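These numbers were taken from a predicted model, which means no experiment stands behind them. Naming: A, B, ... by sequence-line order, numbering from 1 per chain.
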Amino acid sequence: MSQYFFQQLVNGLSLGSLYALVAIGFSMIYGIVRLINFAHGDLVMIGAFSTLAMITLGVPWPLILVFVLAIGAMAGMVIESVAFRPIRGAPQVTGFIATLAVSIVIQNSALMLLTGQQRNFVFPAFMRQRISLGGVNAALTDLVIIGLTLVLITCLFFIVYRTRLGTAMRATAENLMAARLMGVAVNRTILAAFAIGSALAAVAGLFWGGKFGQIDPLLGFVPGLKAFVACVIGGVGSIGGAMLGGYILGLAEVLFVGLLPQELSGYRDAFVFLLLIVILLVKPSGLFVRHVEDRA
Amino acid sequence: MLEVSGLNVFRGATHVLKDVAFEVARGELAALIGANGAGKSTTLLALSGLLRPRSGQAVMRADGQEVDLTRASTEKIVRSGLIHCPEGRQIFQSLTVAENLAMGGYIRTDKAEIAAAMDEVYALFPILKERASLAAGSLSGGEQMMLAIGRALLAAPKLLLLDEPSLGLAPKVVETIFDVIARLKAQGVTILLIEQNAVMALEIADRAYVMENGRIVLSGTGRSLAGNDRVRQSYLGVPL
């Protein structure tokens, strides 16, 4: 395997990991409350700045990871209970506008608090080294991102498919009324879905900072939008689909940049959305969903 | 066990239930019969807290505790033993049969008890055991109904509300379902049964109510209503 190809693969997988982490939460939230949550990307920003603050304070790295998960979960729960719970049951457009409002509030609060200035975000030196694997080498940061994402996704799948809470979440997502008749406290279940999804997005923020080296209060917009695209590619509402959609998107982006002449690589997002359009033309309900049921 | 009086329920601007009053005694099987749109399902939705009445009382008494069904949350109502098996089965199609049953036992915590209850349901409906790891959406209509009843039983109901358990099923399956209902009654479960199949419902009911346009218009024992001319003409298809 050539170094060039390997480098592109690692790059694509680590970018895909970021998209997958954000997309999974996006999809969980849509699945359970049918809300296209455009504030979801801003959790990435919250995660990135929380990490930066903790680096500055000298918090050890393993703890930073735990705290970022916790901060993301808390932020998600606050957003759900303050902004989305009061409008539950309102028409979908209302919810959609509410998520845009939340996004604007978060972004502008961050701008006021942190200014719009770009900040350097530096992983410790040992993370930035390159390690070689049988003739090829890759940045440790990318490998850590790929590995930790797999661990987190495994934990998530365990929760969703093997625990009582996960079963209740899937039941609530499919049939809210029936879940209530089982005695499920649906508000708590919905809160849990927001907490889990937001925690994953916040960790993606940690990774985002480490991968790109600079963060600013508006950085959530792009991952939020890409997560939406990843969900649509995979089939909205399906967690496995969102994950695969994220990886496909990351690999496709890197592939475009790698294959296209230099002058065109600045248009990578245009090609990403072109890919989205093509996929939607061929499989309108997403690549990994067999049939679509619209809940009344 | 269940006492309802002066219950008024609106859905949007429509006055659906008008001063509804009835009762179900402990261990009894009560049937609520009536035409489509008479307000039968709405009655059950109001009892399980999914619809809030505008006025009236609905109280359940079980094991010395009293629950005001017009105020308590659905979660609390379910936890106090009122289990509603809703119209149209409403099983979780994407979950497996076993997961559906587990959801039925969601309010219970003792794992051994849940496993025992699951075995009982499997004994009652052996087909569910065969299909335990399949997605519930792949079951036939009759099997889905069995699953819906089995799921309700997992919650160890004290008062079981059954909404049209025979709707759209083959006669043979209907017989199985009614056998199970009779067996539950024999085990001491109090049941409120909604049926369009008035013949079968009145046959097994201790007490029955007839609902028309959101009002209870007749009541009596199952047998006396089955002999009532008005009921025979309107619901049993017997010409006068």
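- For the atom pair B:His84 NE2 and A:Met182 CE, the distance stands at 9.5 Å (nearest 0.5 Å).
- Two residues are said to be in side-chain contact when any heavy atoms from C-beta on lie closer than 4.5 Å; B:Gln93 and A:Asn175 fail this criterion.
- Counting all heavy atoms, side chain and backbone alike, B:Ile107 lies closest to A:Gly183 at CG2-CA, 3.9 Å.
- Closest approach of A:Ala171 and B:Phe92 over heavy atoms only: O-CE2, 3.4 Å.
- Shown here for A:Met177 and B:Pro86, the closest heavy-atom pair between the two residues is CE-CB, 3.8 Å.
- Within 6.0 Å of CZ on A:Arg85 lie more than 12 heavy atoms contributed by other residues, nucleotides or ligands.
- Separation of atoms CG (A:Leu181) and CG (B:Leu45) is listed at 8.0 Å; rounding is to 0.5 Å.
- In B:Arg52, the CZ atom is crowded: over 12 heavy atoms of neighbouring residues, nucleotides or ligands sit closer than 6.0 Å.
- Within a 6.0 Å sphere centred on CE of A:Met74, heavy atoms belonging to other residues, nucleotides or ligands number 12 at most.
- Within 6.0 Å of atom CZ in A:Arg188, 12 or fewer heavy atoms from other residues, nucleotides or ligands are found, so the atom counts as exposed in its surroundings.
- Taking a 6.0 Å sphere around CZ of A:Phe157, one finds it holds more than 12 heavy atoms contributed by other residues, nucleotides or ligands.
- Other residues, nucleotides and ligands contribute at most 12 non-hydrogen atoms within 6.0 Å of the NZ atom of B:Lys76.
- Heavy-atom distances place the backbone of B:Ile91, and not its side chain, under 4.5 Å from chain A.
- Remark: side-chain polar atoms of A:Glu174 are paired, donor with acceptor, to backbone N or O of B:Ser94 under 3.5 angstrom.
- Considering every non-hydrogen atom in both A:Thr167 and B:Met103, the closest pair reads CG2-SD, 3.7 Å.
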Between B:Thr74 and A:Val186, does a side chain to side chain contact (heavy atoms under 4.5 Å, CB included) hold up when you go through it step by step?
CA-CA 10 Å; B:Thr74 299; A:Val186 290; over 6 Å; no
